[in-house]
2 protein chains.
Amino acid sequence: MKRRTTSSTTEILDLLKASGNAMSHDMIQSSLDSKVDRATIYRVLNRFCEDGKVHRVVGDDGKQYFAICSNCGAKKQVHSHNHIHFRCLQCGTVECLDRELSIPLPEGYVAKVHNLVISGFCNECS
Amino acid sequence: MKRRTTSSTTEILDLLKASGNAMSHDMIQSSLDSKVDRATIYRVLNRFCEDGKVHRVVGDDGKQYFAICSNCGAKKQVHSHNHIHFRCLQCGTVECLDRELSIPLPEGYVAKVHNLVISGFCNECS
DNA sequence: AATTTTACTGCGACACAGTTGCAATATTAC
DNA sequence: GTAATATTGCAACTGTGTCGCAGTAAAATT
């Protein structure tokens with residue numbers, strides 16, 4: 001399945017690049033200039049994840065957030081981004097912290113996805 | 001609002017104690033002997049969380065898991081349990097890892113909730 | 001440049017998790 | 001035993017994310 005570039009894909013990718021933070025579907029939808037269907041946004045984002053262009057974090061609010069991390073751009077093929085995200089309970093911003101931490105697992109355990117989110121108040125809101 | 005002990009509350013608490021792992025709502029419902037309404041289970045669990053009897057983890061599947069951690073029983077009042085959970089993608093088990101890690105946050109940031117979940121395959125399933 | 005191929009989109013419907021209002025019930029206090 | 005009120009069950013509802021399908025548009029082919 002070859003990928004095609006459409007106005008939706010470029011707009012969404014540009015938006016994520018410009019933002020720098022992790023964005024939820026509804027953040028993306030309301031930030032887009034043109035009207036793009038909900039389902040399309042989800043499909044675009046899922047494709048980006050498959051292609052390693054973007055990674056997904058699930059917040060403690062149960063919602064998915066999508067981000068292009070500047071510092072993990074180099075190693076795109078690594079599915080398991082083991083850095084931490086911070087979600088502000090006040091302003092809703094979800095940012096990547098540049099903390100790379102290696103967590104030793106018990107014998108016989110294999111890690112596939114790291115979902116590490118700390119929620120609280122960012123420096124703007126605390 | 002004083003709390004009352006009912007058959008639902010004791011059954012659910014006993015179940016979580018016996019299990020030792022973090023359980024989702026549907027795991028709990030199917031494990032209960034008596035039929036308890038979905039909404040009731042959620043309400044009971046939310047009350048337990050408020051009272052600090054139980055803590056909540058949100059998996060990268062977006063679902064809530066509830067657990068009584070043996071090792072964090074001592075410091076009940078601490079809302080922010082900063083230990084890590086492991087969710088097996090095969091068998092669905094969600095367990096507490098005994099790793100306590102302190103994550104330094106940037107200046108001005110205040111942590112309220114730690115939601116640290118690693119998904120993969122446990123030693124039984126890998 | 002026109003045509004074909006097929007990836008992508010929009011719409012609607014759906015599945016699921018979790019919450020809430022309300023009347024009925026059961027627990028606790030008196 | 002009776003009164004006060006926390007809890008329950010039911011139904012309805014919200015919100016997130018997915019899927020099938022027909023129509024559209026990007027890319028390849030001619």
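As the structure is a computational prediction, the values presented were derived from the model and not from experiment. Chain A is the first sequence line, chain B the second, and so forth, proteins listed ahead of strands; every chain is numbered from 1.
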For the residue pair [X] and [Y], what are the closest heavy atoms and their distance?
X      : Y      : answer
A:I41  : A:I28  : CG2-CG2, 4.1 Å
A:L13  : A:F48  : CD1-CE1, 3.7 Å
B:N123 : A:E107 : CB-O, 3.7 Å
A:R38  : A:H25  : CG-NE2, 2.9 Å

Residues in side chain to side chain contact (heavy atoms under 4.5 Å, CB included) contact with B:S24, at least two apart in sequence or another chain: B:D26, B:M27, B:K63, B:Y65
Under the rule for side chain to side chain contact (heavy atoms under 4.5 Å, CB included), what residues qualify as partners of A:S31, not counting sequence neighbours?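 Checked A:S31 against side chain to side chain contact (heavy atoms under 4.5 Å, CB included); matches are A:L15, A:M23.
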Heavy-atom protein contacts under 4.0 Å, nucleotides 4-14 of chain C, coded B base, S sugar-phosphate only, - none: --BBSBBB-B-
Under 3.5 Å, is there a donor-acceptor pair linking the side chains of A:R56 and A:N115? no
Distance under 4.0 Å to a non-hydrogen atom of chain B counts as contact; along DNA chain D, which nucleotides mark the start and end? D:dT5 to D:dA12
Contacts of B:F86 that satisfy ring-ring contact (aromatic ring centres under 6.0 Å, His included) - sequence neighbours left out: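 A:Y109.
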What integer distance in Å separates A:K63:NZ from C:dT19:P? 15 Å
With distance as the sole test, does A:S126 use its side chain to make a donor-acceptor pair with the main-chain N or O of A:F121 at under 3.5 Å?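 Pair absent, no side-chain N/O of A:S126 close to backbone of A:F121.
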Membership question, hydrophobic clusters at under 4.5 Å side-chain separation (ILVMFWY): are B:V54 and B:L32 in the same one?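 Yes.
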Is any side-chain N or O of B:Y42 closer than 4.0 Å to OP1 or OP2 of C:dG18?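 Yes, such a contact exists.
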So which of residues 16-25 of chain A are in contact with DNA chain C, with a heavy-atom cut-off of under 4.0 Å?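 The answer is none.
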